[in-house]
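Take a look at the structure below.
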Amino acid sequence: MTTDSHLLDFEAPLKSERIFVTGHTGFTGGWLVSWLKRIGCDVAGLALAPGTEPSLFAAADIADGIASTIGDIRDFTTVRRAIERHRPSVIIHLAAQPLVSKSFDDPLQTFATNALGTAHVLEAARLTPGVKAVVCITTDKVYRDQDWVWGYREQDPLGGKDPYSASKACAEMVAASYRATLAERGNGVLIANARGGNIIGGGDWSADRIVPDFVRAVTAGLPLNLRNPAAVRPWQHVMALVHGYLVLAARLLGGDRAAADNWNFGPGDEAARTVGDLVERLSAVWTRPDITYAAGSFPETRFLHLDSTKARTLLGWAPPLSFAGTVELTANWYREFAASPEAAAQITAEQIEQYRQAIRNHVAR
């Protein structure tokens, strides 16, 4: 646990608070819970069992020291009971069906999890005494794809052609309804939506994602099959998003009603690189696999970029890592894990401290 004197400004209001995380068994959830534990929060989580083997949740002992419930957010009774048991002041809602490819295979499960599941979490939140803040995590893919070269802003229209994107846009509408009309009919909880860009980092083993595919190729000595090397994405480390979520949660917890809004959390223009660029940088830090090319099995956006001026200006959120630093931290996590799988929790903790120190250095400049 971090001492009070070493807490960052946005961490201090969260110390010792009861925080409930949906999706805590997932990639982002694992990093979020690890960070919350380090600053002394009382954490509980609700999620399905990890969907991959290995998983960050198991490898890094994410369940240690928290109240972990394995359950489905599509069941309202499960959600409400878990939240009522913990009586949190803050809920960070990450649980989702997050894969575009899987959304084509099972669109009904995707809509039920992402849209109705969000309604379940928000309904339980407004009916549970003491809940002051909910941060709903969505995605940059909630925006209607207009193939712009500039970044999407929070006031731009929502859309989504594929089931994943559409279901997350639906989740945004659900949250907007609760924020505008339903929260005041309950406990007055403040609700915000956080829209994040493409993330990378250690501990992700999902299917159809470039970094896990790269890691599997390197560790197994197999070719890496790239389906869209020219696609441009705004790459950022998973901790940049966790950082943003915590800044936003602290504002909401403090009663800042202006923070109950929609927020983009994306990197600067320097981090908007092609899939091919990412693979070349990973290869330079670790090992270059043989690369093959094949057409994708589902449509993907060619270019997607967020304008995060609002979060940087009004929340003071400023992710400190460059694209190169992000890739280096990611490759180092997997390389160290491959050498010592039993050290995953330590590797994760050390990287969180590296990132927190990078924030301090960035603020001091």
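Note: Phe76 and His120 have tilted aromatic rings, judged against thresholds of 30 and 60 degrees for the angle between ring planes.
Arg38 places a side-chain heavy atom less than 4.5 Å from the side chain of Glu353. Proximity of Pro289 to Ser283: side-chain heavy atoms (C-beta onward) are separated by under 4.5 Å at one or more points. Side-chain contact check for Ile83 versus Pro88: some heavy-atom pair is nearer than 4.5 Å. Ile91 has its side chain out of reach of Val189: every pair of non-hydrogen atoms, C-beta onward, lies at least 4.5 Å apart. No side-chain heavy atom of Asp42 sits less than 4.5 Å from a side-chain heavy atom of Ser16. At a threshold of 4.5 Å between non-hydrogen side-chain atoms, the residues Leu8 and Ile359 count as touching. The side-chain heavy atoms of Ser165 and Val142, taken from C-beta on, include no pair separated by under 4.5 Å. Side chains of Cys41 and Trp35 form no contact here, defined as non-hydrogen atoms less than 4.5 Å apart.
With Val211 as reference, Leu282 is the one residue of Val279, Leu282, Asn198, Ile199 to meet the side chain to side chain contact (heavy atoms under 4.5 Å, CB included) rule. Among Ile137, Asp140, Leu248, Val247, the one residue that satisfies the side chain to side chain contact (heavy atoms under 4.5 Å, CB included) test with Phe265 is Leu248.
A donor and an acceptor atom, one from each side chain of Asn228 and Tyr293, are nowhere located under 3.5 Å apart. With no hydrogens or angles considered, no side-chain donor-acceptor pair links Tyr143 and Arg153 at under 3.5 Å. Checking Thr77 against Asp75 by side-chain atom types alone, no donor-acceptor pair falls below 3.5 Å. With 3.5 Å as the limit, one finds no donor-acceptor pair spanning the side chains of Glu84 and Thr128. Between the side chains of Trp31 and Gln351, no donor-acceptor pair of N or O atoms lies under 3.5 Å. No hydrogens or angles considered: a donor-acceptor pair under 3.5 Å links the side chains of Asn193 and Glu172. For the residue pair Tyr178 and Glu123, a side-chain donor N or O sits within less than 3.5 Å of a side-chain acceptor on the partner. Donor-acceptor pairing under 3.5 Å is lacking for the side chains of Tyr355 and His237. In this structure, a donor-acceptor pair under 3.5 Å is absent between the side chains of Gln97 and Thr113. Glu336 and Asn332 share no side-chain donor-acceptor pair at under 3.5 Å. Remark: the Gln354 side chain and the Glu350 side chain contain no N/O donor-acceptor pair separated by less than 3.5 Å.
Closest approach of Gly268 and Arg312 over heavy atoms only: N-NH2, 3.4 Å. Minimum heavy-atom separation, Ala115 to Val174: O-CG2, 4.1 Å.
Few gaps surround CZ on Arg179; more than 12 heavy atoms of other groups in view lie less than 6.0 Å from it. Under a cut-off of 6.0 angstrom, the local environment of CG in Asp9 is sparse, with at most 12 non-hydrogen atoms contributed by other residues, nucleotides or ligands.
To the nearest 0.5 angstrom, Glu154 atom CD is 6.5 Å from Arg195 atom CZ. Distance check: His93 NE2 to Leu122 CG gives 6.5 Å after rounding to the nearest 0.5 Å. Atom NE2 of His24 sits about 7.5 Å away from atom CG of Leu46, to the nearest 0.5 Å.
Taking hydrophobic clusters as Ile, Leu, Val, Met, Phe, Trp and Tyr residues chained together by side-chain heavy-atom distances below 4.5 Å, Trp263 does not share a cluster with Val134.
A salt bridge links Asp204 with Arg209: the distance from a Lys NZ or Arg NE/NH1/NH2 to an Asp or Glu carboxylate oxygen falls below 4.0 Å. Taking a cutoff of 4.0 Å between a charged side-chain nitrogen and a carboxylate oxygen, Lys141 and Asp162 do not qualify as a salt bridge. In summary, Glu280 and Arg288 engage in a salt bridge, as defined by a charged side-chain N under 4.0 Å from a carboxylate O. Residues Asp105 and Lys102 are not paired through a salt bridge, judged by the lack of any N-O separation under 4.0 Å between the basic side chain and the carboxylate.
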**Message:** Show, in sequence, the C-alpha distance, side-chain angles and deciding distance for Phe337 and Trp205, and conclude whether the ring pair (Phe, Tyr, Trp, His ring centres under 6.0 Å) test is met.
**Reply:** CA-CA 13 Å; Phe337 175 81; Trp205 282 281; 5.3 Å; yes
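Thr22 places a side-chain N or O within donor-acceptor distance of the main-chain N or O of Leu94, the cut-off being under 3.5 Å. Using modelled atom types, no side-chain atom of Thr78 and backbone atom of Gly71 make a donor-acceptor pair closer than 3.5 Å.
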